[in-house]
Amino acid sequence: MSDLKLQHLEKIYDNKVQAVYDFDLEIDDGELIVLVGPSGCGKSTTLRMVAGLEDISKGNLIIDGKDVTQMPPKDRDIAMVFQNYALYGHMTVYENMAFSLMLRKQNKNEIHQKVMAAAEILDLTSQLNKKPGQLSGGQRQRVAMGRAIVRTPKVFLFDEPLSNLDAKLRSATRREILLLHKRLHATMLYVTHDQTEALTLADRIVCMSMGHVQQIGTPLELYDTPANLFVAGFIGLPPMNLFDVEIRDGHAVCADFITDLTPEETRILSPYNGKTVTMGVRPENVVLGGAINVDVSSNENLGQNTLVNGSVGKHRITCKFRDWCNYRYGDTVQVSFNKKHFFDKDTTNAIR
């Protein structure tokens with residue numbers, strides 16, 4: 001495998017619309033990087049620039065120490081797995097997986113060995129004589145991955161590969177991709193809009209919005225210490241609860257409640273005393289017992305925990321309690337916050 005360097009990449013179309021701004025990232029050999037963000041944020045465009053399917057307007061792309069910015073896709077030694085599988089319907093699974101090697105006129109015995117090895121890794125040995133139309137969505141996606149594996153590329157690219165699968169298959173295929181990564185020690189760049197995929201798959205996540213990189217870090221770093229309001233609101237399910245509060249001498253004062261600040265929070269927020277900031281609280285950091293009244297609107301039991309949706313005055317709030325709860329519409333629950341995040345109202349950046 002190889003390392004990958006995206007050096008200040010930008011994409012500007014002929015109509016002057018810019019899709020990606022100053023994308024700068026070094027990916028280590030064997031690392032799995034996930035680009036995540038809402039539709040239209042530039043993540044797929046970035047992937048397509050790496051693949052050579054989009055021209056790079058500015059910046060350089062380095063694969064294994066070699067500048068491939070101007071190279072055609074076939075010379076970059078990358079393999080891409082698409083959302084729609086892109087399989088040949090008239091070919092068998094074996095033929096689909098072997099096709100790129102046959103085009104390279106590789107030895108038939110070598111081709112056979114590579115296809116059989118990939119089929120065993122992906123549990124496709126019994127499906128090799130079938131056509132794609134005879135397979136489930138999850139099996140077709142495994143064939144697409146197998147076609148990439150046999151090429152032994154320097155870099156694997158995944159463009160929302162699980163989007164067409166149902167929830168159960170997404171979970172199973174996600175585990176297969178993780179196992180594949182561990183077995184091959186492969187360098188992978190993976191694009192998704194699904195934060196669950198990002199959090200469970202990535203060594204590091206690149207969170208994007210409107211063509212700009214918002215934060216790069218491990219899944220835990222983005223979840224626990226979001227760099228700004230966008231990352232705080234996008235990463236995490238259910239999303240973070242957000243409130244405008246005024247900082248007053250060790251307290252965060254909202255129109256509908258007051259909560260105490262810890263000594264450390266008071267110290268960090270001292271420049272904002274008397275000013276309004278945005279306070280974020282993740283649903284699992286809302287705990288039973290306290291002086292904040294939540295008027296319940298719905299109660300969702302999920303087995304090991306319960307989501308309780310409601311309001312604090314005019315503010316909506318979602319609570320995630322560990323216990324099985326049976327609250328009803330109109331009930332009032334007293335809560336407090338055991339961890340809080342704060343963001344500057346003007347810059348939207350986290351206050352550290």
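Computed from a predicted structure; not experimentally measured.
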Is there any ring pair (Phe, Tyr, Trp, His ring centres under 6.0 Å) pair reaching into [range], and which pairs are they, with sequence neighbours excluded?
range	result
residues 90-126	Y88-F99, Y94-H112
residues 298-329	F243-H315
residues 40-68	none
residues 190-216	Y21-H212, F158-Y190

Kindly indicate, with the supporting measurements, whether the criterion side-chain contact (heavy atoms from CB on, under 4.5 Å) is fulfilled by Q7 and L61.
CA-CA 6 Å; Q7 299 178 331; L61 178 66; over 6 Å; no

Is there a path of hydrophobic side-chain contacts, each under 4.5 Å between heavy atoms of I/L/V/M/F/W/Y residues, joining [Y] to [X]?
X	Y	value
M71	L9	yes
I205	M240	no
L242	F230	no
V335	V287	no
I351	L229	no

What do the steps show when you test T276 against D244 for side-chain hydrogen bond (donor to acceptor under 3.5 Å, both in side chains), and what is the final call?
CA-CA 7 Å; T276 298; D244 285 344; over 6 Å; no

With a distance cut-off below 6.0 Å to the six-membered ring centre and an angular limit of 45° from the axis, does R282 pair with Y223 as a cation-pi contact?
yes

Face-on cation placement of K11 at Y13 ring, 6.0 Å and 45° thresholds:
yes

Checking V20, T46, D22 against E10 for side chain to side chain contact (heavy atoms under 4.5 Å, CB included), the one that qualifies is D22

With distance as the sole test, does [X] use its side chain to make a donor-acceptor pair with the main-chain N or O of [Y] at under 3.5 Å?
X	Y	answer
D75	P72	no
D344	T347	yes
R248	G274	no
D159	F82	no
E197	D194	no
R147	A98	no
R204	I33	no
T92	K130	no
T187	D29	no
D295	G310	no

Please lay out, stage by stage, how E176 and R142 fare under the test salt bridge (charged side-chain N to carboxylate O under 4.0 Å, His left out).
CA-CA 9 Å; E176 288 171 0; R142 291 209 302 270; 3.4 Å; yes

Should the heavy atoms of other residues, nucleotides or ligands under 6.0 Å from CG of N129 be counted, would the total exceed 12?
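Atom CG in N129 is not packed in, count stays at 12 or less.
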
More than 12 non-hydrogen atoms from neighbouring residues, nucleotides or ligands closer than 6.0 Å to CE on M91, yes or no?
yes

Charged N-O contact under 4.0 Å between [X] and [Y]:
X	Y	result
K340	E265	yes
E246	K275	no
E284	K320	no
D224	K339	yes

Do [X] and [Y] have side-chain atoms, one donor and one acceptor, less than 3.5 Å apart?
X	Y	result
N309	S298	yes
N338	N285	yes
K131	Q134	no
R175	S171	yes
N299	N326	no

Would you indicate whether the side-chain heavy atoms of F156 and L189 approach each other to under 4.5 Å?
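Contact flag for L189/F156 side chains = no.
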
Under 4.5 Å between side-chain heavy atoms, chaining through other members, with only Ile, Leu, Val, Met, Phe, Trp and Tyr counted: pull out the rest of the cluster around L302, sorted by chain and number.
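L307, all in the cluster of L302.
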
Please give the remaining members of the hydrophobic cluster of V17, linking ILVMFWY side chains under 4.5 Å, ordered by chain and number.
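Members other than V17 - counting any ILVMFWY side chain reachable under 4.5 Å - there are none.
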
How long is the straight-line distance from [atom2] of [Y] back to [atom1] of [X], given to the nearest 0.5 Å?
X	Y	atom1	atom2	answer
I317	N293	CD1	CG	11.0 Å
C325	L288	SG	CG	6.0 Å
L25	I216	CG	CD1	5.0 Å

Determine, stepwise, if the pair D24 / K5 fulfils salt bridge (charged side-chain N to carboxylate O under 4.0 Å, His left out).
CA-CA 8 Å; D24 194 61; K5 296 179 181 178; over 6 Å; no

Give the C-alpha distance, both sets of side-chain angles, the deciding distance and a yes or no for side-chain hydrogen bond (donor to acceptor under 3.5 Å, both in side chains) between N60 and D67.
CA-CA 7 Å; N60 296 95; D67 192 327; 3.2 Å; yes

